[in-house]
Amino acid sequence: GKAAEIDAKIKDQGGKVRDLKAAKAEKADIDAAVKVLLELKAEFKSETGSDWKPAEQPKKEKEKGKENKAPEKKADGEKSETQKKRDAKKAEKAAKKAAHKADEGGETAQADDGPDVSAGKYGIQEMNQSKTKNVVQITKIKDLKPKMAGTKVNIRGRLHTSRAKGKQCFFV
């Protein structure tokens with residue numbers, strides 16, 4: 001019917017607008033073509049009672065099998081440029097690691113040289129077997145009063161997390 005004719009005109013006019021845009025035509029020409037297209041869409045809506053929508057385009061299938069392919073080796077056994085770069089980076093990293101270990105090993109050997117100046121001053125520490133029970137008066141936090149300011153009190157609590165920042169420490 002008439003709706004099909006208007007639909008064909010809209011598709012034709014849409015193609016013209018696309019062609020003008022692709023050819024980078026002047027803005028005035030493009031605007032005139034778009035105006036005609038909008039008038040056709042308004043006519044379609046008055047005829048059918050619904051907005052014009054383009055027919056669904058068939059979806060193009062993506063080429064499969066390209067992902068996760070290993071780079072092809074050259075026929076004569078040579079490595080590609082990217083593989084050569086990777087190998088050079090690995091060799092450089094290994095050289096740095098070996099140099100760092102050599103430096104680190106030299107420092108520990110220097111630190112271990114020389115006699116222990118504190119030898120004989122360590123003493124023999126007795127095992128802590130809770131032979132004595134220290135009586136400590138624990139004060140509940142709810143019992144703390146302003147009049148207790150300046151006196152030493154012991155409280156008990158559980159520390160979940162502490163965060164150190166510079167010389168300060170925060171209890172969480």
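From a predicted model like this one, the values you see are computed outputs, not experimental measurements.
Within 6.0 Å of atom CD1 in Ile141, 12 or fewer heavy atoms from other residues, nucleotides or ligands are found, so the atom counts as exposed in its surroundings.
Rounding to the nearest 0.5 Å places CD of Glu5 at 9.5 Å from CD of Glu43. A distance of 8.5 Å separates CG in Leu144 from OG1 in Thr151, rounded to the nearest 0.5 Å.
Within the structure, salt bridge (charged side-chain N to carboxylate O under 4.0 Å, His left out) contacts touching residues 140-149 (residues at least two apart or in different chains) do not occur.
The shortest non-hydrogen separation linking Ile6 to Phe44 is CG2-CB, 3.7 Å.
For Lys9, the side-chain contact (heavy atoms from CB on, under 4.5 Å) criterion is met by Leu40, not counting sequence neighbours. In this view, Lys85 satisfies the salt bridge (Lys or Arg N to Asp or Glu O under 4.0 Å) rule with no residue, not counting sequence neighbours. Residues that satisfy the side-chain hydrogen bond (donor to acceptor under 3.5 Å, both in side chains) test with Thr82, not counting sequence neighbours, are Ser80. Looking at residues two or more places apart in sequence or on another chain, you find a side-chain contact (heavy atoms from CB on, under 4.5 Å) between Ser50 and Thr48. With sequence neighbours left out, Asp87 forms a side-chain hydrogen bond (donor to acceptor under 3.5 Å, both in side chains) with Lys79, Gln83. In this structure, Lys21 has no side-chain hydrogen bond (donor to acceptor under 3.5 Å, both in side chains) partners at least two apart in sequence or on a different chain. Partners of Lys84 according to the side-chain hydrogen bond (donor to acceptor under 3.5 Å, both in side chains) rule, which considers only residues two or more places apart in sequence or in another chain, do not exist here.
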Evaluate side chain to side chain contact (heavy atoms under 4.5 Å, CB included) for Val153 paired with Met148, printing each intermediate quantity in order. CA-CA 9 Å; Val153 294; Met148 299 172 84; 3.8 Å; yes
Show me the donor-acceptor pairs within less than 3.5 Å that the side chains of residues 88-99 make with the rest of the protein, sequence neighbours left out.
none

Residues 22-39 side chain polar contacts: donor-acceptor under 3.5 Å, at least two apart:
none

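Contact annotation: the side chain of His160 approaches that of Arg158 to within less than 4.5 Å [non-hydrogen atoms, C-beta and beyond].
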